[in-house]
Amino acid sequence: MKKSVFLGTLSAAALSAGIASAATLDDVKARGELNCGVTTGLTGFAVPDANGNWTGFDVAVCRAVAAAVLGDPAKVKFVPTTGQTRFTALASGEVDMLARNTTWTFSRDTDLKFDFVGVNYYDGQGFMVRKDLGVSSAKELAGATICIQTGTTTELNLADYFKANNMEYQPVAIETNAEGEQQYLAGACDAYTTDASGLAATRAAFADPENHIILPEIISKEPLGPLVRHGDNEWGDIVMWTLNALVAAEEYGITSANLEEQAANSPNPEVKRLLGSSEDDLGAMIKLDKEWAKRAIAASGNYGEIFAATIGESTPIGLARGLNAQWTQGGLLYSPPFR
């Protein structure tokens, strides 16, 4: 039953694909504002404060794109989307891009007619339980009730994992992370499953985070990243290379604090090209000016600065870099060259 529901969601969104104009760059410039699809609220990744100001790891990607294209990281309209509504919002043109913990999969890239432009967080699905449940492994969850968001990759992953381990479970369907948190804390489910980063973010918002544990098993690959509509290559290139600029900036030691000094004095030709201070005009190749990447980096800092400020080890979420470290540090982050 879950598989048919999942495929039905895909088909509905796929029917909407192609409705929006391919000229997204022109639309954004004419509007003077980037419409960015984000989650309905996930601490550290995308969450509004009491005044409606959004902050977070994914929010920073939206702001970087706005800075690159419109010259101002504040020119973003954040559109909250759920696991069920996000793809329709993008396909229909309601949003120009999605930046909200969405997993890059074959069917989403092909059947849904979307283009993932990179990975900004390498993740995997996990499980969270209360300490007093007395469980130390996901393999001890036989017969458990499990809260799970509909319209996500976690549904099929969960079914596959329990089938492979000859266990039964009772799913408790939820629509948003806020609902999942509420149901889990109310005791409607024994465990909550989603991306491990999402579990850490959810737990950080609890009044008693120390009473909840994330089990050691990671049962899937969840490469999370921004995506755009298929067929709009010009816009896709802009979002892709904006993300690459944030990653490359960290690799080359470009920070929000030394940006101007690096642009003026760096002996590295690639740094000069990236920051628009060389004779090469990379911006012209994507219909932007020479300093598009410089503004993107200035918006919230390089990838490492963004990670540390929003979800890193010094924050309540406490995520280590792990796979999301630079390739030079044993991680998977690797930007193609700027030349």
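Panel note: side chain Lys272, backbone Ala264; a donor-acceptor pair is recorded below 3.5 Å. Between the side chain of Thr102 and the backbone N or O of Arg100 there is at least one donor-acceptor pair closer than 3.5 Å. The closest donor-acceptor contact from the side chain of Asp96 to the backbone of Asn35 lies under 3.5 Å.
The two residues Gly236 and Val117 come nearest to each other via the heavy atoms O-CG1, 3.6 Å.
The OG atom of Ser278 lies 12.5 Å from the CZ atom of Phe338; values are rounded to the nearest 0.5 Å.
For the ring-ring contact (aromatic ring centres under 6.0 Å, His included) test, no residue two or more places apart in sequence or in another chain qualifies with His230.
When side chains are defined from C-beta on, Lys75 does not count as touching Leu34, because their heavy atoms never get closer than 4.5 Å.
Within a 6.0 Å sphere centred on NZ of Lys287, other residues, nucleotides and ligands contribute 12 heavy atoms or fewer.
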**OP:** Could you walk me through whether Asp195 and Gln125 pass the side chain to side chain donor-acceptor pair (under 3.5 Å) test, one step at a time?
**Re:** CA-CA 4 Å; Asp195 300 333; Gln125 184 174 338; over 6 Å; no

**OP:** Decide yes or no on side chain to side chain donor-acceptor pair (under 3.5 Å) for Ser197 and Asn101, but give the supporting numbers first.
**Re:** CA-CA 9 Å; Ser197 65; Asn101 56 304; over 6 Å; no

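Judged by the 6.0 Å distance and 45° axis criteria, Arg321 is positioned over the aromatic ring of Phe307.
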Cut-off 3.5 Å, no hydrogens considered: what does the side-chain donor-acceptor table look like for residues 295-306, sequence neighbours left out?
{"from": "Arg295", "atom 1": "NE", "to": "Ala67", "atom 2": "O", "distance (Å)": "2.8"}
{"from": "Arg295", "atom 1": "NH1", "to": "Asp289", "atom 2": "OD1", "distance (Å)": "3.0"}
{"from": "Arg295", "atom 1": "NH1", "to": "Asp289", "atom 2": "OD2", "distance (Å)": "2.9"}
{"from": "Arg295", "atom 1": "NH2", "to": "Ala68", "atom 2": "O", "distance (Å)": "2.8"}
{"from": "Arg295", "atom 1": "NH2", "to": "Asp289", "atom 2": "OD1", "distance (Å)": "3.1"}
{"from": "Asn302", "atom 1": "OD1", "to": "Gly304", "atom 2": "N", "distance (Å)": "2.9"}
{"from": "Asn302", "atom 1": "OD1", "to": "Glu305", "atom 2": "N", "distance (Å)": "2.8"}
{"from": "Asn302", "atom 1": "ND2", "to": "Ile254", "atom 2": "O", "distance (Å)": "2.8"}
{"from": "Tyr303", "atom 1": "OH", "to": "Asn120", "atom 2": "O", "distance (Å)": "2.8"}
{"from": "Glu305", "atom 1": "OE1", "to": "Ser256", "atom 2": "N", "distance (Å)": "3.0"}
{"from": "Glu305", "atom 1": "OE1", "to": "Asn302", "atom 2": "N", "distance (Å)": "2.8"}
{"from": "Glu305", "atom 1": "OE2", "to": "Ser256", "atom 2": "OG", "distance (Å)": "2.7"}

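Each of His212, Arg203, Gln149 was evaluated against Tyr192; a single residue qualifies, Gln149, per the side-chain hydrogen bond (donor to acceptor under 3.5 Å, both in side chains) test.
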